[in-house]
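First the structure, in the form of structure tokens, and then the observations on it.
Throughout, protein chains are lettered first and strands after them, A, B, ... in sequence-line order, and every chain is numbered starting at 1. Since this is a predicted model, take the numbers as computed values, not measurements.
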Amino acid sequence: MFELRLVQGSLLKKVLEAIKDLVNDANFDCSATGFSLQAMDPSHVALVALLLRPDGFEHYRCDRNISMGMNLNNMSKILKCGGNDDIITIRADDGSDTVTFMFESPNGSANFEMNLMDIDSEHHGIDESKCCAVVRMPSSEFQRICKVLSSIGDTVVISVTNEGVQFSTRGDIGTANIVCRQNINVDKPEESTVIEMSQPVSSQFPLRYMNSFTKATPLSNTVTISLTSELLLAVEYTIAEMGYIRFYLAPKIED
Amino acid sequence: GSKQSTITRFFSKI
């Protein structure tokens, strides 16, 4: 049997809002490591990795590893049936082809059963060692930059140098360049912009995906943007005390 | 011009 109980149920709602437009169907893997997911978008341009660790739940029981295939739009619909302050319990019996969501509030409870799906998926090894630039900044600022740039162009060039991180785009009406410099706020670390770089790096990415990733903004005050030497982009939002949601995005490359 | 690469080339299957 698998069962988890999340007191702050709104957190799971925010997770679903962050990924449901990027990925249609995905396997949620339940193991001693936690409640996790790895899935690509249908075009295989982006990959999302989610981990919610067992100690973040009020109760977490996983007798054996199971993989629950879910349509994320349907899961989101069910989560919206619960109130924002509800406690959420998710339960699946071994061998069952359904999963049960229970919502509890001081006023009562509600149960929803959702059909599971068989989804073919592969797990991917993620090599963090090739990282050559890391930028941590306020997530709201990153969201604003992606939104502003997508009103001008379709693609953003992200360049990290000793000067800071530059986001640039070009469109029919002209060009846009936004530079964020390192800025460490000791009193409010969540408002800091911190840049760590082993070598300058620059690459371009579709803004449509970047804007999709920023739907995770309500999960965290800060976002960490990493670029590897192979120009793979990783955008990570930590989920307080529990884990993370990471988005990986493949670059646009010269023909 | 530039073309979009796919994510699969960056990850090894487990």
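Of the inter-residue distances, the one linking A/Gln38 atom CD with B/Phe11 atom CZ reads 7.5 Å to the nearest 0.5 angstrom. Distance check: B/Arg9 CZ to A/Glu230 CD gives 7.5 Å after rounding to the nearest 0.5 Å. Note that CG of A/Leu249 and CD of B/Gln4 are 6.5 Å apart. Values are rounded to the nearest 0.5 Å. The distance from atom CE of A/Met40 to atom OG1 of B/Thr8, rounded to the nearest 0.5 Å, is 5.5 Å. The distance from the CD1 atom of B/Ile7 to the OH atom of A/Tyr209 is 9.5 Å, given to the nearest 0.5 Å.
The shortest non-hydrogen separation linking A/Lys252 to B/Ser2 is CE-OG, 4.0 Å. Listed here is the closest heavy atom pair of A/Ile253 and B/Ser5: CD1-CB, 3.9 Å.
With a 4.5 Å cut-off on side-chain heavy atoms, A/Leu47 and B/Phe10 do not count as touching.
More than 12 non-hydrogen atoms from other residues, nucleotides or ligands lie less than 6.0 angstrom from CG of A/Asn74. By the 6.0 Å contact criterion, CG on A/Asp94 is enclosed, its count of non-hydrogen atoms from other residues, nucleotides or ligands being greater than 12. Shown here is A/Asp118, whose CG atom has no more than 12 heavy atoms of other residues, nucleotides or ligands within 6.0 Å.
In terms of heavy-atom pairs under 4.5 Å with chain B, the best-connected choice from A/Thr155, A/Asp41, A/Val45, A/Leu231 is A/Val45.
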